[in-house]
Amino acid sequence: MRIAEIKDLDEIMIIINDGKKALKKDGIDQWQNGLPDREGILENILTGESFVYEENGEILSFAYLKKDYEEDYRGIEKDFKNHGPYLTIHRLSVRESAKKKGVAKKFFDEIIGYGKNLKMEAIRIDTHPDNFKMQNLIKKFSFEKIGICTVDDKIRRSERFVYELIL
């Protein structure tokens, strides 16, 4: 796992678009309204909080690991178990050719280790109610479901299940 750089943007967009196609194939409307888009991913990279997971020099996965307060969680903030410093995982996606090879699990391991190294007390993540693949991955790492938030998907606000892992 390493910090994403501007030079990675084209490869990252391939991975994001693979994620959009996979969600559509699974009948999930998450990421189907234009977001995340190239401009947003570039903004994420410029924060220095975006990461790629590589194997043999090939970028296989991307995630934005936000360290700041997550406004979308405001309505359920009181429900979180930990209120100290935390990371929020956003936009995690895996290259289509790397799926079913344990890449997401390896990346999650790296993200959790990164959070611990930063002395974060928790990691948060949200996902679409129909995104059972992501929910299963989240549960494998013992994240606890906290509640439901809404996020802007460019057309409307959509519900997401929110999870937390205490580190």
Side-chain angles (χ1 to χ4, degrees), residues 1-55 57-77 85-99 103-104 106-108 110-112 114-115 118 120 122-135 137-138 143 146-165:
M1 179 173 111
R2 67 167 173 81
I3 293 175
E5 301 173 41
I6 293 172
K7 70 179 177 65
D8 301 322
L9 184 58
D10 288 340
E11 287 296 308
I12 291 167
M13 289 312 301
I14 290 168
I15 292 166
I16 292 294
N17 288 325
D18 283 351
K20 289 179 180 183
K21 290 175 197 167
L23 290 164
K24 184 174 186 173
K25 182 180 172 194
D26 289 344
I28 302 167
D29 68 1
Q30 184 177 9
W31 290 14
Q32 301 306 300
N33 296 323
L35 297 177
D37 59 14
R38 187 177 185 88
E39 181 180 322
I41 297 297
L42 178 59
E43 287 175 17
N44 293 157
I45 291 170
L46 292 173
T47 66
E49 296 178 346
S50 291
F51 292 81
V52 293
Y53 178 83
E54 291 181 315
E55 286 183 1
E58 182 182 13
I59 298 173
L60 301 178
S61 191
F62 170 80
Y64 171 47
L65 306 180
K66 185 176 178 181
K67 293 178 195 164
D68 293 330
Y69 176 75
E70 182 52 62
E71 182 64 30
D72 288 334
Y73 298 168
R74 181 173 26 95
I76 59 168
E77 188 64 40
Y86 63 91
L87 288 177
T88 304
I89 302 171
H90 288 290
R91 300 179 168 175
L92 185 111
S93 191
V94 175
R95 184 181 292 273
E96 183 61 36
S97 62
K99 292 202 171 155
V103 169
K106 292 176 195 173
F107 199 13
F108 253 74
E110 296 268 347
I111 290 167
I112 291 167
Y114 174 71
L118 288 179
M120 294 292 169
I123 297 178
R124 298 175 180 181
I125 188 170
D126 62 80
T127 194
H128 192 283
D130 295 334
N131 193 342
F132 300 113
K133 290 176 183 174
M134 181 57 77
Q135 290 174 43
L137 179 64
I138 291 166
F143 281 74
I146 298 300
I148 297 173
C149 75
T150 60
V151 299
D152 183 6
D153 70 3
K154 203 171 187 176
I155 293 176
R156 66 185 185 287
R157 293 204 60 87
S158 299
E159 286 190 346
R160 299 289 185 263
F161 290 165
V162 181
Y163 298 83
E164 177 183 46
L165 175 68

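Not measured: the values here are computed from a predicted model.
- Between Asn44 and the options Arg91, Glu39, His90, a side-chain hydrogen bond (donor to acceptor under 3.5 Å, both in side chains) holds for only Arg91.
- The side chain to side chain contact (heavy atoms under 4.5 Å, CB included) test with Phe62 singles out one residue from Leu92, Ile41, Ile14, and that residue is Ile41.
- Distance check, rounded to the nearest 0.5 Å: CG of Leu87 to CG of Leu65 gives 6.0 Å.
- Listed for the Ser93 side chain is a donor-acceptor partner under 3.5 Å among the backbone atoms of Ile15.
- Using a distance-only test at 3.5 Å, with no hydrogens or angles considered, no donor-acceptor pair links the side chain of Thr88 to the main chain of Ile125.
- For residues 3-52, the pairs satisfying ring-ring contact (aromatic ring centres under 6.0 Å, His included) are Phe51-Tyr114, with sequence neighbours left out.
- Atom CD1 of Ile146 and atom CD1 of Ile148 lie 12.5 Å apart (nearest 0.5 Å).
- Side-chain N or O atoms of Gln135 include one that pairs as donor or acceptor with a backbone N or O of His128 at under 3.5 Å.
- The distance from the CD atom of Glu5 to the CG atom of Leu46 is 11.5 Å, given to the nearest 0.5 Å.
- In this structure, the ring-ring contact (aromatic ring centres under 6.0 Å, His included) partners of Tyr53, at least two apart in sequence or on a different chain, are Phe107.
- Glu77 and Arg124 are joined by a salt bridge, as a carboxylate oxygen and a charged side-chain nitrogen come within less than 4.0 angstrom of each other.
- At most 12 non-hydrogen atoms from other residues, nucleotides or ligands lie less than 6.0 angstrom from NZ of Lys133.
- A salt bridge between Glu71 and Arg74 is present, with a side-chain N of the basic residue lying under 4.0 Å from a carboxylate O of the acidic one.
- Distance alone, capped at 3.5 Å, places no donor-acceptor pair between the Asp26 side chain and the Leu23 backbone.
- The backbone N or O of Gln30 sits less than 3.5 Å from a side-chain atom of Gln32, completing a donor-acceptor pair.
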Can you give each donor-acceptor pair under 3.5 Å made by side-chain atoms of residues 158-165, sequence neighbours left out, with the distance rounded to 0.1 Å?
from: Ser158; atom 1: OG; to: Asp153; atom 2: OD2; distance (Å): 2.7
from: Glu164; atom 1: OE1; to: Lys81; atom 2: N; distance (Å): 2.8
from: Glu164; atom 1: OE2; to: Asn82; atom 2: N; distance (Å): 3.3

